[in-house]
Amino acid sequence: MLVHSRGGRRAVWALFALLFLPLFALPLLVLVAASFAGHWSGALPSGPTLDHYDAAVRGESLRALTASLATAAAASALALTAGTWAALSAHALGRRARRVMDLLFMLPVAVPSVVAGLALLVAFSKPPVLLNGTRWIVILAHTVLVTAFAHQSVTAALGRLDPAYEQAAASLGARPWYVLWRVRLPLLLPSLGAAAGLCFALSMGELSATMMLYPPDWLPLPVLVFGATDRGSPFTGSALAVVLMGTTLLVLLALSRIRTKASYR
Amino acid sequence: MGIRFEDVTVAYGRTTVLDSFDLTVEPGEVMALLGPSGSGKTTALRAVAGFVTPARGRVWIDGRDVTKLPPYQRGIGMVVQSYALFPHMRVDKNVGFGLRAQGVPRAETAERVEQALALTGMGEFARRYPRELSGGQQQRVAIARALAVRPQVLLLDEPLSALDARLRSGMLAELARLHRELPDVSMLYVTHDQIEALTLADRIAVMDRARLRDVGTPQELYRRPRTEFTASFVGNANLLPVTVGRDGGVRFAEHDLQAPTGDAAPGAEATLCVRPHAVGLGDGPNPLPGTVTGIQWRGATHRLLVETAGHRLMADVGELRDPPAPGDTVTVHFAPDDAVLLPAGTGGDDRDG
């Protein structure tokens with residue numbers, strides 16, 4: 001343990017509370033409080049109601065939640081596939097190629113996501129690949145934005161993977177594909193799970209690029225939250241945000257359960 | 001033919017880690033590659049497995065040139081120090097891995113897995129995961145996994161280094177038994193431990209600084225080493241600088257000693273190698289007076305360090321009831337037949353016992 005004395009430990013806890021509560025917990029608590037509020041003119045909200053939630057889980061809101069979930073699932077799956085593939089290829093290449101690959105994947109994250117969205121809009125607004133106005137351009141944008149994180153965490157995990165495993169497999173007569181499928185990917189599974197969770201969470205909350213791209217029939221939930229607060233309905237927006245957080249949290253919990261089962265050591 | 005290295009050179013960048021390596025392992029032979037760390041012994045093994053590509057030379061397995069073949073086409077079995085058991089598979093899946101990868105029918109796989117586990121005494125652990133086994137058990141599973149594919153050559157890379165001393169001697173006996181039961185399998189055994197090499201190997205290849213220094217049976221290397229390096233690395237050795245005399249003896253400092261000089265030219269500088277256990281306390285042939293500088297009790301023996309004519313001699317003598325104390329003057333001796341004359345300067349560097 002880093003801090004030994006009881007007084008020291010208490011001081012550390014106090015400091016933690018001082019930083020954590022206002023920075024992380026308080027905004028979220030206010031959000032939850034607002035989502036149940038009828039009015040909020042004094043220090044505390046008043047007129048508790050469930051109306052906002054009633055609206056948040058039906059009709060347009062429900063469709064938006066489904067769109068968000070589908071987008072996040074598809075983008076995570078695509079990003080994980082592309083990121084893992086790239087990480088595996090880069091691992092087989094030299095150190096310099098690996099660095100170039102890292103930079104390329106980082107690029108979309110380094111520019112403002114509005115710019116990334118705009119770039120995609122310009123690129124796919126004309127034939128032969130006309131994606132503008134379809135849900136696919138939203139999924140594509142999310143994929144481009146989160147692949148960097150998938151690539152990064154798989155690269156880190158590959159670096160930690162003891163080459164003795166794949167060498168043992170090869171010495172037993174297993175071809176490279178068989179080794180990948182039966183040994184390397186299973187051993188990477190915990191890291192792949194973590195990467196999937198990260199990609200999913202990032203995609204669920206993505207707003208700026210989505211704003212540039214979403215078609216009328218594919219409205220992800222963050223856009224709806226933004227719209228509600230923009231229109232001057234902060235309580236409806238809060239309820240939608242709480243639904244968004246809750247759903248994301250549930251998916252992440254499910255993923256982490258799978259991950260625990262997949263880690264053997 | 002088992003394994004043959006033909007002028008194999010391996011380099012990483014500008015560092016040569018294996019230099020013009022020539023060695024033949026006969027079918028069914030256990031060859032130990034013995035050397036200090038960085039001597040190139042593991043690189044030689046990895047060249048057989050196909051994990052390093054030689055810059056020059058060829059590697060043959062069973063009469064087949066495998067220099068350009070990927071590891072999975074070489075028909076080898078390999079056991080490494082870290083075991084490298086697949087942590088996500090049960091023991092039986094681990095052992096059957098090579099067979100499934102090579103498309104052996106399911107029924108035959110099950111049968112051969114059972115045989116391999118029985119051979120290593122691990123039959124009752126088939127349904128366990130590797131993490132549920134002790135180090136020694138994991139090593140047995142690793143050996144079973146390597147043997148299940150019925151390789152012509154078995155490569156063992158410091159297989160016992162991760163085990164404690166008692167387990168190690170048990171596993172040495174097991175490996176010797178496996179060798180008797182599989183007389184056709186050639187084994188290449190990399191180790192830095194002379195006891196493992198002496199116990200298990202039919203022949204030992206002594207390596208140092210990327211080169212092969214000596215090859216021979218354990219008895220040859222121990223009793224009649226050809227170089228100072230071999231003498232000091234295979235067992236302990238007293239190495240005395242001597243001058244070859246005219247009358248079939250040697251001169252060490254102020255003393256004339258009897259020793260077989262062979263065809264060494266009189267007047268030549270040479271090194272006399274005497275094993276510590278061949279040195280006796282008290283008067284005898286080739287007596288050397290000296291001062292005790294240290295004494296270690298080792299249970300069954302005492303090791304005396306005796307300074308004589310500016311050189312330190314080690315003597316391993318049976319446990320003494322009344323051992324001398326440091327500073328005492330003693331006489332040590334050795335039989336002429338227990339000494340081996342080596343050409344001077346064959347160690348490459350200054351190693352004394």
Side-chain angles (χ1 to χ4, degrees), chain A residues 80 84 87-99 153-154 156-197 255-265, chain B residues 42 45-46 48-52 61 66 69-90 93-104 109 116 129-132 138 141-158 162:
Chain A
L80 211 57
T84 307
L88 286 167
S89 316
H91 194 69
L93 296 172
R95 196 178 299 168
R96 198 170 301 169
R98 220 178 295 175
R99 212 165 293 161
S153 47
V154 178
L158 268 175
R160 286 193 306 268
L161 194 64
D162 188 347
Y165 292 121
E166 54 194 278
Q167 289 179 353
S171 78
L172 292 166
R175 287 163 183 281
W177 271 107
Y178 195 86
V179 178
L180 178 68
W181 192 244
R182 296 285 177 181
V183 177
R184 297 176 79 194
L185 284 181
L187 290 178
L188 288 175
L189 209 55
S191 309
L192 292 178
L255 268 175
S256 83
R257 276 198 73 127
I258 298 173
R259 215 159 78 219
T260 321
K261 277 191 183 166
S263 61
Y264 310 94
R265 282 163 292 174
Chain B
T42 294
L45 177 131
R46 294 171 67 81
V48 179
F51 301 134
V52 295
I61 296 176
V66 298
L69 289 184
Y72 63 88
Q73 286 177 358
R74 295 197 176 195
I76 51 169
M78 195 168 90
V79 178
V80 296
Q81 186 184 345
S82 64
Y83 321 133
L85 293 179
F86 307 129
H88 57 295
M89 295 181 198
R90 291 180 201 277
K93 293 285 179 198
N94 259 288
V95 176
F97 181 86
L99 300 172
R100 286 198 310 281
Q102 293 174 19
V104 174
T109 300
Y129 279 102
R131 58 159 189 267
E132 298 166 340
Q138 289 188 37
V141 174
I143 293 169
R145 183 177 67 176
L147 290 176
V149 293
R150 296 196 181 143
Q152 284 308 299
V153 304
L154 185 60
L155 308 176
L156 301 135
D157 187 4
E158 307 255 1

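Below, read A as the first sequence line, B as the second, and so on, with proteins coming before strands; counting in each chain starts at 1.
For Arg46(B), the part lying near chain A is the side chain, with the backbone staying farther off; criterion is any non-hydrogen pair under 4.5 Å.
Between chain A and the residues Pro71(B), Ala142(B), Gly50(B), Gly75(B), the largest count of heavy-atom pairs under 4.5 Å involves Pro71(B). Among Val149(B), Leu99(B), Ile76(B), the residue with the largest count of heavy-atom pairs under 4.5 Å with chain A is Ile76(B).
With values rounded to the nearest 0.5 angstrom, Met89(B) atom CE is found 7.5 Å from Arg182(A) atom CZ.
Contacts from residues 78-86 of chain B to chain A, taken as heavy-atom pairs separated by less than 4.5 Å, involve Met78(B), Ser82(B), Ala84(B), Leu85(B), Phe86(B) in sequence order.
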Please list every donor-acceptor pair under 3.5 Å in which a side-chain atom of residues 169-179 of chain A meets a protein atom from a residue at least two apart or in another chain.
| from | atom 1 | to | atom 2 | distance (Å) |
| --- | --- | --- | --- | --- |
| Ser171(A) | OG | Ala168(A) | O | 2.8 |

